[in-house]
Amino acid sequence: MSAHHDHSESHGTMRDYVIGFVLSVILTAIPFWLVMARPLDASTTAIAIMVLAVVQMIVHMIYFLHMSPKTEDGWSITSLVFTLIVVFIMMAGSLWVMHHLNTNMMPMPQDMRNIP
């Protein structure tokens, strides 16, 4: 029994890989410059780095993982969206639990001095 694979889907061209590589280098150099030169305040820099990280993930998915709505009839995008939803639920739940535990902790000995 021979395995038959459908090779009609593109695996990317050298042009795609070069574009992806150049974009990745640029999207890595910008956060590095933001941290080293400090042109913005710390919170704005952190937000900018997170946004650039998301953009870089999208670049990697398109140019290196070749993910698109046409790939595998959209199942790769569907599984990605499901994974992102699960990760978001886990992170939000973990942060909620940690915040809840922090606000409901017993007072520390130094805080008990103020209790009558």
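This structure is a prediction, so every number in the text was calculated from the model and none was measured.
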Assess the residue pair Thr44 and Asp41 against the criterion (side chain to side chain contact (heavy atoms under 4.5 Å, CB included)); give the C-alpha distance rounded to whole Å, side-chain angles, the decisive distance to 0.1 Å, and a yes or no. CA-CA 6 Å; Thr44 306; Asp41 63 281; 2.8 Å; yes

Pair Gln56-Leu23, side chain to side chain contact (heavy atoms under 4.5 Å, CB included): steps then yes or no: CA-CA 8 Å; Gln56 189 168 32; Leu23 287 173; over 6 Å; no

Verdict with reasoning, Val18 to Arg15, per side chain to side chain contact (heavy atoms under 4.5 Å, CB included): CA-CA 5 Å; Val18 169; Arg15 179 180 176 270; 5.9 Å; no

Are Ile49 and Trp33 linked, directly or through intermediate hydrophobic residues, by side-chain heavy-atom contacts shorter than 4.5 Å (ILVMFWY only)? no

Give the cluster check for Leu52 versus Val35: same hydrophobic cluster or not, with ILVMFWY residues linked at side-chain heavy-atom distances below 4.5 Å. no

According to the interplanar angle, ranging from 0 to 90°, do the rings of Phe64 and Tyr17 count as parallel (below 30°), tilted (30 to 60°) or perpendicular (above 60°)? parallel

Kindly work out whether a path of hydrophobic side-chain contacts (I/L/V/M/F/W/Y, heavy atoms less than 4.5 Å apart) joins Met14 to Tyr63. yes

Just how far is it from atom CE of Met98 to atom OG1 of Thr103, taken to the nearest 0.5 Å? 12.5 Å

Got a donor-acceptor contact below 3.5 angstrom from the Thr83 side chain to the Ser79 backbone? yes

Tell me if a side-chain donor or acceptor on Asn104 pairs with a main-chain N or O of His100 at a distance below 3.5 Å. yes

Rounded to the nearest 0.5 angstrom, the CD1-CG distance for Ile58 and Leu65 is 12.5 Å

Nearest heavy-atom pair of Val59 and Gly20: which atoms, and what distance? CG1-O, 4.0 Å

Where Ser68 and Ile77 come nearest, the two heavy atoms and their spacing: O-CG1, 3.6 Å

Determine whether Ile89 and Leu84 fall in the same hydrophobic cluster, where Ile, Leu, Val, Met, Phe, Trp and Tyr are linked whenever their side-chain heavy atoms lie under 4.5 Å apart. yes

Centres of the His60 and Phe21 rings: under 6.0 Å? no

Common cluster, Ile85/Val54, ILVMFWY with side-chain heavy-atom separation under 4.5 Å: yes

Any chance you could lay out the side chain to side chain contact (heavy atoms under 4.5 Å, CB included) test for Leu80 and Met67, step after step, and finish with the verdict? CA-CA 10 Å; Leu80 174 69; Met67 292 180 75; 3.9 Å; yes

